[in-house]
Undergrad: 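Handing you this structure, nothing more for now.
Each ligand, and each atom within it, is numbered from 1 in the order the structure gives.
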Amino acid sequence: MIRDQETLNLLLDTISRFVRERLVPNEARVAETDRIPDELVSEMKALGLFGLSIPEEHGGMGLTMEEEVLATFEIGHTSPCFRSLFATNNGIGGQGIVIDGTPEQKAHYLPKLVTGELIGSFALTEPDSGSDAASLRTTAIRDTSGDGDFYVLNGTKRYITNAPEAGIFTVMARTDPAKKGADGISAFIVERGAPGLSLGQPDEKMGHKGSHTCDVIFEDCRVPAANLIGATEGIGFKTAMKVLDKGRINIAAISVGVAERMLEDALRYACERKQFGKPIAEFQLIQAMLADSKAEIYAARCMVLDAARRRDQGLDVGTEASCAKMFASEMCGRVADRAVQIFGGAGYLSEYGIERFYRDVRLFRLFEGTTQIQQLVIARNMIRNHAG
Ligand code: COS
């Protein structure tokens, strides 16, 4: 937690300058090469971006959720692929340990996530289990027959962000195959070098070039029993859902940040581009698009901040996280579409960069739960509360 407003402002200003001076000028090159240069990764590490929300006692900045989303708004002013690299450490790849890990697990892994020495990754989705996460089939069977206490993992995880770079994976697997739903699922920390763990070919994606996903395959992969998160079987699905509650607020925040960037670009273009003898920004049909985007971004920003503050107060934010994720990611899609429209034909050309954002932000409506899953979560919670 940042203790005073001045220090928080300094952090946000430092991030903002880093984004504008170092990341924005490299966006196009990263997209072309599908690779973030090592020197930029080193600078991100030096700034502490890999440990923004990891507790201070483990070396991180320990930002509150509100502080973290303010930082994420700034980080959104460039290609979201940069955030993808360090966001799993602060989010889905590290938070399972932060929220439910044992003191030993926290002490061992969190300091390495903070420095970026380890990249954390979150392995929930499988080829036949996406939105229906509780139907996952990867198994983790305890084996104490040999020279130690292990779980043996078998199965395949799919679309795993940062898997090619990851040093550790938070893996949800079924420790009790007799139980078909959420009850039989446990979460594990699996190290990259674990025998029996292998990676698939990098996925070819529509956007987010520079951020990588691939399959993670477990074939009789032996994981020490000490790496069972929380040292308790059967709580892994709930760990994953708690991790996603936080993650969804952050996806909402990055949606706001990127939407702000696209609107800035569209406004600049509208003020420069002349047609019919004057800047197109002077035409009311262009103004309507600018104004709609501005108002929707503002609404999403308020939602994200409110959800973040509620989480900081220790409230259950399942509904608010899903509302913010759904609204902000859909809003971002509309802002991207209007931005391309304002750019006109230029919006369709790679050289102007706006089509890259258009492709990148399509992912926001899909990952960490589709819009339809957010609708399901929100409506289910409403009905449950109504029933008392
Ligand atoms: N926090 C804590 N516990 C939660 C929770 C949350 N946010 N959401 C659900 N749980 C608990 C439930 O309370 C239930 O426990 P009890 O049986 O003890 O009450 C258990 O988890 C199972 O929940 P539920 O019955 O709601 O599970 P379902 O299988 O019906 O549905 C959904 C869960 C669909 C919401 C879940 O599978 C989901 O979020 N799917 C999308 C997955 C996703 O986002 N994938 C992206 C991958 S990461 S990029």
Undergrad: Atom 12 (C) of ligand 1: protein heavy atom closer than 4.0 Å?
TA: no

Undergrad: Check this for me: does any side-chain nitrogen of one of Glu272 and Arg268 sit under 4.0 Å from a carboxylate oxygen of the other?
TA: no

Undergrad: Closest non-hydrogen protein atom to atom 14 (C) of ligand 1, residue and atom name please, with distance?
TA: Lys238 CE, 4.2 Å

Undergrad: Measure Arg384 to ligand 1 on non-hydrogen atoms and call it side chain, backbone, both or neither using the 4.0 Å cut-off.
TA: neither

Undergrad: Within the 3.5 Å criterion, strictly below it, is a donor on Asn162 or Ser121 matched to an acceptor on the partner's side chain?
TA: no

Undergrad: Among all the protein's non-hydrogen atoms, which is closest to atom 2 (C) of ligand 1, and how far away is it?
TA: Lys242 CG, 3.8 Å

Undergrad: Would you say the side chains of Ser322 and Gln374 form a donor-acceptor pair under 3.5 Å?
TA: yes

Undergrad: Assess whether atom CD of Glu39 is packed by more than 12 heavy atoms of other residues, nucleotides or ligands within 6.0 Å.
TA: yes

Undergrad: Record the part of Thr161 in heavy-atom contact with ligand 1 below 4.0 Å; permitted values are side chain, backbone, both and neither.
TA: neither

Undergrad: Between Asp360 and Arg83 (salt bridge meaning N to carboxylate O under 4.0 Å), is one present in this structure?
TA: no

Undergrad: When you check the gap from the basic side-chain N to the acidic O, do Glu66 and Arg309 get nearer than 4.0 Å?
TA: yes

Undergrad: Within a distance under 4.0 Å of any heavy atom of Ala134, pick out the atoms of ligand 1 and give their elements.
TA: 29 (O)

Undergrad: Looking only at distances, can you tell me whether any N or O atom of Asp183, backbone or side chain, sits closer than 3.5 Å to an N or O atom of ligand 1?
TA: no

Undergrad: Do any N/O atoms on Ile373 end up under 3.5 angstrom from N/O atoms on ligand 1?
TA: no

Undergrad: Can a protein heavy atom be found under 4.0 Å away from atom 28 (P) of ligand 1?
TA: yes

Undergrad: Any donor-acceptor pair under 3.5 Å linking the side chain of Lys45 with the backbone of Glu117?
TA: no

Undergrad: Considering only the protein, which heavy-atom contact is closest to atom 9 (C) of ligand 1, and what is its distance?
TA: Met241 CG, 3.9 Å

Undergrad: Starting from atom 42 (C) of ligand 1, find the nearest protein heavy-atom neighbour and note its residue, name and distance.
TA: Gly130 O, 3.9 Å

Undergrad: Between Thr33 and Arg29, do the side chains contain an N or O donor and an N or O acceptor separated by less than 3.5 Å?
TA: no

Undergrad: May I ask whether atom 37 (O) of ligand 1 is less than 4.0 Å from at least one protein heavy atom?
TA: yes

Undergrad: Would a 4.0 Å cut-off, counted as strictly less than, catch a protein heavy atom around atom 32 (C) of ligand 1?
TA: no

Undergrad: Can you find an N/O atom of Asp132 closer than 3.5 Å to an N/O atom of ligand 1?
TA: no

Undergrad: What atoms of ligand 1 come closer than 4.0 angstrom to any heavy atom of Ala182?
TA: 22 (C)

Undergrad: So, taking the atom named NZ in Lys106 and the one named CD in Glu57, what distance separates them when rounded to the nearest 0.5 Å?
TA: 7.0 Å

Undergrad: Considering only heavy atoms of Asp245, which atoms of ligand 1 have at least one such atom less than 4.0 Å away?
TA: 1 (N), 6 (C), 7 (N)

Undergrad: Between atom NE2 of His77 and atom CD of Glu264, what is the distance when rounded to the nearest 0.5 Å?
TA: 5.5 Å

Undergrad: I need the atoms of ligand 1 closer than 4.0 Å to a non-hydrogen atom of Thr125, numbered in the order shown.
TA: 47 (C)

Undergrad: Under 4.0 Å from ligand 1, counting heavy atoms only, is it the side chain of Val377, its backbone, both or neither?
TA: side chain

Undergrad: Less than 4.0 angstrom from a charged side-chain N to a carboxylate O is my criterion; do Asp34 and Lys209 meet it?
TA: no

Undergrad: Among protein heavy atoms, which sits nearest to atom 21 (O) of ligand 1, and what does the distance come to when rounded to 0.1 Å?
TA: Phe237 CD2, 3.5 Å

Undergrad: Is the shortest distance from a Lys or Arg side-chain nitrogen in Arg311 or Glu68 to a carboxylate oxygen in the other one below 4.0 Å?
TA: no

Undergrad: Considering only heavy atoms of Ser131, which atoms of ligand 1 have at least one such atom less than 4.0 Å away?
TA: 34 (C), 37 (O), 38 (C), 40 (N), 41 (C)

Undergrad: For atom 39 (O) of ligand 1, which candidate among Arg248, Glu368, Arg380, Gln374 holds the nearest heavy atom?
TA: Arg248

Undergrad: Is it the case that the ring center of Phe169 lies less than 6.0 angstrom away from the ring center of Phe122?
TA: no

Undergrad: Centre of Tyr159's six-membered ring, under 6.0 Å away, within 45 degrees of the axis: is that where NZ or CZ of Lys205 sits?
TA: no

Undergrad: Students should be able to answer this: which protein heavy-atom is nearest to atom 45 (N) of ligand 1, and at what distance?
TA: Gly369 N, 4.1 Å

Undergrad: Taking heavy atoms and a distance under 4.0 Å, where does Tyr159 meet ligand 1: side chain, backbone, both or neither?
TA: neither

